2 protein chains.
Amino acid sequence: MRRASTQLQMDRREEILAAAKRCFSRSGFHGTSMQEICAEARMSPGSLYRYFPSKEAIIAGIAEQDRADVAQTFRAIAEAPDFFQALAYAARHYIVEESVEEICLQTEIKAESRRNPEIAKIYATIEQDVKSGMLNLLRSAVARGDIPSHIDLEVAATMLMALVDGLYWRRAVDPEFDAETVLPTLLSVTHFLLTGERNTKNEMARRPAAGE
Amino acid sequence: MRRASTQLQMDRREEILAAAKRCFSRSGFHGTSMQEICAEARMSPGSLYRYFPSKEAIIAGIAEQDRADVAQTFRAIAEAPDFFQALAYAARHYIVEESVEEICLQTEIKAESRRNPEIAKIYATIEQDVKSGMLNLLRSAVARGDIPSHIDLEVAATMLMALVDGLYWRRAVDPEFDAETVLPTLLSVTHFLLTGERNTKNEMARRPAAGE
DNA sequence: TAAAAGCGAATGAACATTCGCTCGCAAAAC
DNA sequence: GTTTTGCGAGCGAATGTTCATTCGCTTTTA
């Protein structure tokens with residue numbers, strides 16, 4: 001019997017997903033033909049269909065990867081010693097370092113999840129994971145005394161997610177948008193949201209003084 | 001020559017756009033066939049094509065309408081006497097009152113603008129209008145003394161747009177999300193962003209006390 | 001009565017998916 | 001050590017469907 005082929009199969013699947021991601025972020029899900037994905041993956045249609053039963057299965061595969069990534073990120077944050085620092089790290093990860101291609105892909109998946117129940121289910125799970133992950137973080141921060149107990153964590157979590165989402169999309173929309181510039185303000189607002197106080201360390205952006 | 005037909009033509013165009021919007025928000029741009037739009041608009045393909053030369057032209061028409069709406073909204077805000085109150089009004093308009101269908105349509109247009117240059121141009125113009133509209137508002141608020149002059153308006157505008165965008169999308173993503181609940185916090189954060197101070201009037205959400 | 005508005009079957013292209021095939025390898029048979 | 005054989009992997013032309021768009025005709029309207 002052929003052994004070790006399982007690993008090879010997995011590798012091949014990942015290669016196909018990577019090729020598909022490139023195509024989709026370039027031309028969108030519906031603007032990309034299977035032939036294009038085949039070309040990008042250097043593979044014939046017949047062969048590709050051995051790995052994925054349909055085009056939709058490819059998107060589902062990509063969404064599944066994203067879910068794994070999100071879980072991974074939250075695990076990393078939860079383990080970090082300082083809460084606000086970990087948040088800052090995560091914010092930088094999503095808002096500055098993520099490539100624009102990746103963001104476009106997210107737009108595509110989001111639109112697709114409106115009409116494909118399979119994708120919608122995966123997407124909903126991701127959202128769910130993010131929200132409960134965030135709430136867990138906030139709860140343990142309250143327990144540790146980093147956040148005062150009178151804060152409504154549900155609302156705070158929602159606002160944080162909305163804010164990060166909004167900045168995330170902005171990168172795809174506005175080519176001039178420089179994420180680095182708003183990061184201090186983001187941290188400052190985060191601090192305000194979670195404590196109701198100004199933060200004296202992370203000062204928000206001021207207008208550049210004349211002559212600067 | 002036929003006169004007054006111009007107005008009728010315009011009406012018919014709007015009817016078609018309305019029908020198309022219903023279809024698109026239900027099944028997405030690529031999931032909707034021209035036949036479906038025809039059925040929704042009670043019209044034959046041959047006839048429909050007298051009003052729009054292509055499917056893309058229909059989307060462009062919808063995007064164009066959106067542009068007009070945005071301009072209209074900003075004109076209304078600019079005329080309002082109290083700045084923060086006007087902002088609150090606009091926030092409510094976009095985050096609470098806008099229908100989920102409308103939001104789905106926006107997702108669709110956003111994804112489409114990644115591959116259709118015509119749509120991309122209209123979309124970029126809308127973003128541009130929103131940003132400059134917002135900046136104008138903020139500048140006149142500074143002039144009036146409603147906002148201290150040390151605030152970096154560019155950053156503040158970006159953050160506000162991101163926040164509203166994020167909440168806007170959240171409604172499409174999370175069916176449990178209740179916009180009304182976060183509105184006070186949104187206003188409080190807005191105030192913080194624009195003044196660097198806590199707002200004593202719009203208190204942000206606190207955790208409901210036991211027994212409430 | 002002529003122009004405008006509407007009709008809907010026909011057209012042709014694009015595209016997801018299938019199918020029958022070849023190739024090369026590795027283990028079984030000798 | 002050589003030959004045989006069966007299978008996984010890959011190929012790419014062919015298939016069948018879906019769908020935007022067109023065109024020649026009819027109906028309405030002013």
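All values derive from a computational prediction rather than experimental measurement. Order of the sequence lines fixes the chain letters, A, B, ..., with proteins taken first and strands second; residue numbering starts at 1 for each chain.
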Charged N to carboxylate O below 4.0 Å: is that the case for B/Glu14 and B/Lys21?
no
Residues that [X] engages under salt bridge (Lys or Arg N to Asp or Glu O under 4.0 Å), provided they are two or more places apart:
X: A/Arg92; answer: A/Glu180
X: B/Asp174; answer: A/Lys131
X: B/Glu64; answer: B/Arg67

Notebook entry, point to check: Bend angle of the helix from C/dT1-D/dA30 to C/dC30-D/dG1 from five-pair axes at both ends, rounded to 10°?
Noted result: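 The angle, to the nearest 10 degrees, is 10°.
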Note: contacts of residues 104-112 of chain B with DNA chain D (heavy atom, under 4.0 Å) are none
Contact check, residues 38-55 of chain A vs DNA chain D, heavy-atom distance under 4.0 Å, returns A/Met43, A/Ser44, A/Pro45, A/Gly46, A/Ser47, A/Arg50, A/Tyr51
Could you pull out all donor-acceptor pairs under 3.5 Å where a side-chain atom in residues 38-53 of chain A meets a protein atom, sequence neighbours excluded?
from	atom 1	to	atom 2	distance (Å)
A/Glu40	OE1	A/Arg26	NH2	3.0
A/Glu40	OE2	A/Arg22	NH1	2.5
A/Ser44	OG	A/Ser47	N	3.3

Given atom [atom1] of [X] and atom [atom2] of [N], what is their separation to the nearest angstrom?
X: B/Glu15; N: C/dA5; atom1: CD; atom2: P; value: 13 Å
X: B/His30; N: C/dA16; atom1: NE2; atom2: P; value: 12 Å
X: A/Met34; N: D/dG10; atom1: CE; atom2: C1'; value: 15 Å

**Request:** Can you sort out the partners of B/Asp146 under side-chain hydrogen bond (donor to acceptor under 3.5 Å, both in side chains), two or more places apart, ordered by chain and number?
**Result:**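 If we apply the side-chain hydrogen bond (donor to acceptor under 3.5 Å, both in side chains) test to B/Asp146, skipping adjacent residues, the hits are B/Arg144.
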side-chain hydrogen bond (donor to acceptor under 3.5 Å, both in side chains) filter on B/Glu154, not counting sequence neighbours, yields none
- Item | Modelled atom types, side-chain donor and acceptor of A/Glu108 and A/His30, under 3.5 Å | no
Could you run down the sub-3.5 Å N/O contacts of the protein with nucleotides 10-12 of chain C?
none

| said: With a 6.0 Å cut-off (strictly less than), is the heavy-atom count around CZ of B/Arg170, excluding the residue itself, greater than 12? | reply: yes
Would you mind listing every ring-ring contact (aromatic ring centres under 6.0 Å, His included) that reaches into residues 89-109 of chain B, with sequence neighbours excluded?
->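 Counting only pairs at least two positions apart or across chains, no ring-ring contact (aromatic ring centres under 6.0 Å, His included) contact touches residues 89-109 of chain B.
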- Side-chain heavy-atom pair A/Leu87, A/Leu194 within 4.5 angstrom cut-off: yes
Between the CD1 atom in A/Ile103 and the CD1 atom in A/Ile95, the distance rounded to the nearest 0.5 Å is 9.5 Å
Which atom pairs, one a donor and one an acceptor, fall under 3.5 Å between side chains of residues 72-84 of chain B and the rest of the protein, sequence neighbours left out?
from	atom 1	to	atom 2	distance (Å)
B/Gln72	OE1	B/Arg75	NH1	3.4
B/Thr73	OG1	B/Asp69	O	3.0
B/Asp82	OD2	B/Gln85	N	2.9

